[in-house]
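Start at 1 and go down the list; that is how both ligands and their atoms are numbered.
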Amino acid sequence: MSVAVLTGAGVSAESGVPTFRGAGGLWRQFRAEDLATADAFRRDPRLVWEWYAWRREVVAACQPNAAHRTIAQMEQAAPDFTLVTQNVDGLHERAGSRHVLRLHGSLWTLRCTREGIRVENHEVPLAALPPRCACGALLRPDVVWFGESLELDTVTAALTAARRADLLLVVGTSALVTPAANLPLVTLEHRGRVVEFNVERTWLSDYVDETILGPAAETLPQWWAEYQSSPQGRG
Ligand code: BV8
């Protein structure tokens, strides 16, 4: 039984991390699409870094919630399990998930714009804004911006997991950003079962096998407990 989970910003909502498109998804009246681009960074690296520095401070004060913890328990229980996340907040790792396919990178890694080298950095607040590499070049957040391609090996692994999944759980995503939003369709195309967890219906709801409405920190632990005591889960 191959199980995969795809998460979006909604899985971190109850930890206090603002989602992108729901209430609170704005920062100084900017939309993510305005700031999460290479052009915005070229035009005003300080403004873009102020947004990321603010997000790092918000996330550093948040704790993983019961949905993150349930997904970490699933990884321990299911021999064939893959977690794919669109999130960059690192809360899955802090909840104990050990293998995380991070489609869009991480707030906690910086990348030199000249040499391309990556450095882990958990300074809150950042020592300098914008931060610079020892070589003098600007450091950028090591995230995938709109219009940038995802890391090929990460996307390939995520597509393979979606293709092989007998069961895919889609947790807290508006499914508006591609290629992540295509993963559930790959599972459906390969006759896997897809269960969506969200507080509202999305365009995916018409295609998936089941949509469970409610906050993921409540619905996912409840679903997991019922699944574990079902014949399927005990098998
Ligand atoms: C690519 C990292 C090839 C940065 C992010 C036109 C021009 C150029 C490109 C495009 C275009 N049209 C389409 C594209 C492709 C584009 C795209 O999809 N754009 C969208 C906006 C239409 N994609 C890309 O550019 C990708 N690259 O395709 O490369 C290419 C190259 C060049 C040109 C074309 C193609 C790169 C996409 C990666 C962008 N980076 N993040 C950062 O974080 O700063 S995306 C960003 O959105 C986050 O990663 C976020 O996770 C992601 C998706 O959003 P969600 O996670 O779904 O969050 P959202 O707020 O939307 O929804 C939250 C959901 O949770 C809601 O449904 C809500 O109801 C629910 N919820 C709330 N509370 C709860 C809950 N659910 C459960 N419980 C709760 N308590």
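Distance check: Glu57 CD to Leu107 CG gives 12.0 Å after rounding to the nearest 0.5 Å.
Annotation: Ala13 places no N or O atom under 3.5 Å from an N or O atom of ligand 1; distance criterion only. Geometrically, ligand 1 and Trp51 share no nitrogen or oxygen pair separated by less than 3.5 Å. Ligand 1 has no N or O atom lying under 3.5 Å from any N or O atom of Thr202, backbone or side chain.
Near Glu14, with a cut-off below 4.0 Å to any heavy atom, the atoms of ligand 1 are 78 (N), 79 (C), 80 (N). For ligand 1, the atoms lying closer than 4.0 Å to a non-hydrogen atom of Tyr52 are 4 (C), 42 (C), 44 (O). If you number the atoms of ligand 1 from 1 as listed, the ones under 4.0 Å from a heavy atom of Trp145 come out as 36 (C). Listed by number with element, the atoms of ligand 1 under 4.0 Å from a non-hydrogen atom of Asn87 are 51 (O). Residue Pro215 has at least one heavy-atom neighbour below 4.0 Å for each of these atoms of ligand 1: 78 (N), 80 (N). Taking a cut-off of under 4.0 Å to the non-hydrogen atoms of Gly172, the atoms of ligand 1 that pass are 63 (C), 64 (C), 65 (O), 76 (N). The distance from ligand 1 to the heavy atoms of Gly8 drops below 4.0 Å at these ligand atoms: 56 (O).
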Kindly determine whether Asp206 and Arg201 satisfy salt bridge (charged side-chain N to carboxylate O under 4.0 Å, His left out), including the steps that lead there.
CA-CA 9 Å; Asp206 290 336; Arg201 289 175 62 81; 2.8 Å; yes
Report the C-alpha separation of Asp166 and Arg191 in whole Å, then their side-chain angles, then the decisive distance to 0.1 Å, and conclude whether the salt bridge (charged side-chain N to carboxylate O under 4.0 Å, His left out) test is met.
CA-CA 7 Å; Asp166 300 301; Arg191 310 231 182 307; over 6 Å; no
Using the rule given for side chain to side chain donor-acceptor pair (under 3.5 Å), can you reason through Glu196 versus Thr202, listing the C-alpha separation, both sets of side-chain angles and the distance that settles it, and then say yes or no?
CA-CA 9 Å; Glu196 178 187 30; Thr202 67; 2.5 Å; yes
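Only the side chain of Val88 comes within contact range of ligand 1, with a heavy atom under 4.0 Å; no backbone atom does. Contact annotation: for Ala9 versus ligand 1, heavy atoms closer than 4.0 Å belong to both the backbone and the side chain. Counting heavy atoms under 4.0 Å from ligand 1, residue Leu176 touches it through the backbone alone.
Nearest to atom 71 (N) of ligand 1 by heavy atom, out of Gly10, Ala217, Pro141, is Gly10. Which of Arg55, Gln86, Arg102 comes nearest to atom 52 (C) of ligand 1 through a heavy atom is settled by distance: it is Gln86. Here the shortest heavy-atom distance to atom 57 (O) of ligand 1, taken over Thr173, Thr19, Val143, belongs to Thr173. One option in Leu150, Asn198, Thr37, Leu103 has a heavy atom closer to atom 67 (O) of ligand 1 than any other, and that option is Asn198. The closest non-hydrogen atom to atom 5 (C) of ligand 1, taken over Glu33, Glu148, His104, Arg21, comes from His104.
The closest side-chain donor-acceptor pair between His68 and Ser12 falls under 3.5 angstrom.
A salt bridge links Glu151 and Arg118; the closest N-O separation between the charged side-chain nitrogens and carboxylate oxygens is under 4.0 Å. Ion pairing between Glu93 and Arg102 holds under the 4.0 Å rule for side-chain N and carboxylate O. Taking a cutoff of 4.0 Å between a charged side-chain nitrogen and a carboxylate oxygen, Glu75 and Arg69 do not qualify as a salt bridge.
For the pair Arg56 and Trp54, the cation does not sit on the ring face, since its NZ or CZ is not both under 6.0 Å from the ring centre and inside 45° of the axis.
The closest approach between any non-hydrogen atom of Gly147 and ligand 1 is below 4.0 Å.
In the hydrophobic clustering of ILVMFWY residues, with side-chain heavy atoms under 4.5 Å counting as a link, Val186 and Trp203 come out together.
Ring orientation note: the planes of Trp49 and Tyr52 are nearly perpendicular, at an angle over 60° on the 30°/60° scale.
Two rings, from Trp145 and Phe41, have their centers less than 6.0 Å apart.
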